[in-house]
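Just so we're on the same page: letters track the sequence lines, and every chain starts at 1.
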Protein chains: 2
Amino acid sequence: MIGRKRRKAKVQPLYQQVATQLRQGIESGHYPVGGPLPTEAMLCADLNISRHTARDALRLLEEAGYVSRRRGVGTYVLSNRPKRAYVQSLGSLDDLLHYAHDTRYEIEGVRRFSAAASDLALLQGKAGDRWIKLTGRRYQLLSDRPFSITVIYLPIRFESALDEIRDHRGAIYALIEERFNVPIARASQELQAVTLSAEEATLLDAKPGDAAMRAIRRYYDTDGKLVEVSWNLYLGRLFTHSSWVDRENRL
Amino acid sequence: MIGRKRRKAKVQPLYQQVATQLRQGIESGHYPVGGPLPTEAMLCADLNISRHTARDALRLLEEAGYVSRRRGVGTYVLSNRPKRAYVQSLGSLDDLLHYAHDTRYEIEGVRRFSAAASDLALLQGKAGDRWIKLTGRRYQLLSDRPFSITVIYLPIRFESALDEIRDHRGAIYALIEERFNVPIARASQELQAVTLSAEEATLLDAKPGDAAMRAIRRYYDTDGKLVEVSWNLYLGRLFTHSSWVDRENRL
DNA sequence: TTCTATTTGTCCGTATGTATC
DNA sequence: TGATACATACGGACAAATAGA
């Protein structure tokens, strides 16, 4: 035999075929959002399949976020676009931030202030909100060389944690989370490539114009209230951000 | 003994009871991480339940990330604690890559080559693997100003797509996905801040030493095989990477 | 309120296919 | 090749939730 291997045509399992058919019906508008899907019994009869097969198909659609199912009511279309096609799973926030655990934060300045209009792009509250601003650098435990300039903004209500923050090892958000019992429910991060100013270069023991990564992170509690904002500057050659996502639904 | 008959008092469904029992067995160490769980047949016999019930229980554990199931192999313990504390949900890979949809890729060079040992850090295969290397720049549709230098590496088996790639609008991985019917199951991205060399600056209509973001992306199919590697360079002031995660389990 | 029809949820039985060792 | 283990698919029965008469 020449060239390519003969390959048995792989047929999709029946319940996946049914799911695909229904999904296409949803996406095409044949089953409008908010409307009902055929009942299990109708699918069995129309497609000449068993109830198990129909249920497995509907389960796929439910897991993918297309439909909701309620006993006694039926199956209804929730959305004509998949809830999420790809998902990144993390064991902790540190995994997102690629956070070096064995570091210490040295505070070099503390200031209380009221947010001005120009601060709102970073701090996202209202003008006049009271904040604490901590400026400092982060060091690896066994090194005298700083690897980041870090500015931390905390709402004034966390003022009483200031003493504990000094020379705290690890992440500040974790300290706040524990000290005030406010679970972090969401975190965001913005990364941008920049070059170092003369002042920044001095602080990082580098040269002006060197590449650096600026990271702005925001932490929110379960009510969506901002718990912490951090502004960080890393030397480019010392900082790589890697992330990945997996496809979640095979529909 | 599991509560078999349903009484007036609300009892958990049987398959959930079985799942709970197995989960506790995992968390207690009775089923160690990496070890096997009882097979479906054993569960049926030991607990005097049907295969469906056993499968439903195991499905719950799989969806929760406790176990992996492989036909012909068995059910094995993946983790003794809930899968993921934080999750990032994306509708598409474009959302991860912050991909500008209205762009075109202009190819300025095509080369076929065999991977050398020095290429393996980027291409991750074996030395000697055959690749196609496309060099070019990406433009916004209505602009003559390039916004990225993009080098794309494709396994030689996708050679026949070369013609379609030329001047293709949008992402190359989507083209490959459709053209060869290889769904992208996973994608990874590495970001690092760098400064532009003289040559790069010329290509991007910028100045040498300007800040730039280097993005290396890899796309894998369902078998974990590498489908595409792309190497990109963006002007720092034109590129911000933002991401967020949500806590998934409220415990 | 009560009753009934409808719809999904749970549970069982059985058979065959497919991947792996 | 055979044995094992999960995947798919058929069948039936009853329970629980809901909506409407």
One thing to verify: whether B:R69 and B:E40 come together as a salt bridge, which I'm taking to mean a side-chain N less than 4.0 angstrom from a carboxylate O.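 Judged by the 4.0 Å cut-off on N to carboxylate O distance, B:E40 and B:R69 do form a salt bridge.
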Could you tell me whether B:E190 and B:R218 have a side-chain N and a carboxylate O separated by less than 4.0 Å?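 Between B:R218 and B:E190 there is a salt bridge, with a charged N closer than 4.0 Å to a carboxylate O.
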Considering every strand and a 4.0 Å limit on heavy-atom distances, what is the contact class for A:S50: base, sugar-phosphate, or nothing?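 Touches a base.
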Nearest-angstrom distance from the residue atom [atom1] of [X] to [atom2] of [N]:
X: A:Q12; N: D:dA7; atom1: CD; atom2: P; answer: 16 Å
X: A:Y15; N: D:dA7; atom1: OH; atom2: C1'; answer: 7 Å
X: B:R71; N: D:dT4; atom1: CZ; atom2: P; answer: 18 Å
X: B:L43; N: C:dC11; atom1: CG; atom2: P; answer: 14 Å
X: A:E40; N: D:dA9; atom1: CD; atom2: P; answer: 16 Å
X: A:E62; N: C:dT7; atom1: CD; atom2: P; answer: 17 Å
X: A:L47; N: D:dA9; atom1: CG; atom2: C1'; answer: 14 Å
X: A:R59; N: D:dA9; atom1: CZ; atom2: P; answer: 12 Å

Pi-cation contact, B:W131 with B:R112 (under 6.0 Å, within 45°):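 Cation-pi check for B:R112 and B:W131: fails.
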Does [X] put a side-chain nitrogen or oxygen below 4.0 Å from OP1 or OP2 of [N]?
X: B:T39; N: D:dT4; result: no
X: B:R69; N: D:dA7; result: yes
X: B:T53; N: C:dC12; result: yes
X: B:R51; N: C:dT14; result: no
X: A:Q16; N: D:dA7; result: no
X: A:R55; N: C:dG9; result: yes

Counting only heavy atoms not in A:D223, do more than 12 fall under 6.0 Å of its CG?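 Count over threshold, so yes.
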Return whichever of A:D56 or A:R70 has its heavy-atom-nearest nucleotide of DNA chain D closer to the 5' end.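 The 5'-side residue here is A:D56.
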Measure distances between side-chain N and O atoms of B:H52 and base N and O atoms of D:dC6, and say whether any donor-acceptor pair falls under 3.5 Å.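 When only heavy-atom distances are counted, B:H52 does not reach the base of D:dC6 through any donor-acceptor pair under 3.5 Å.
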Can you see whether B:R138 engages B:S148 through a side-chain donor-acceptor pair at a distance of less than 3.5 angstrom?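 No.
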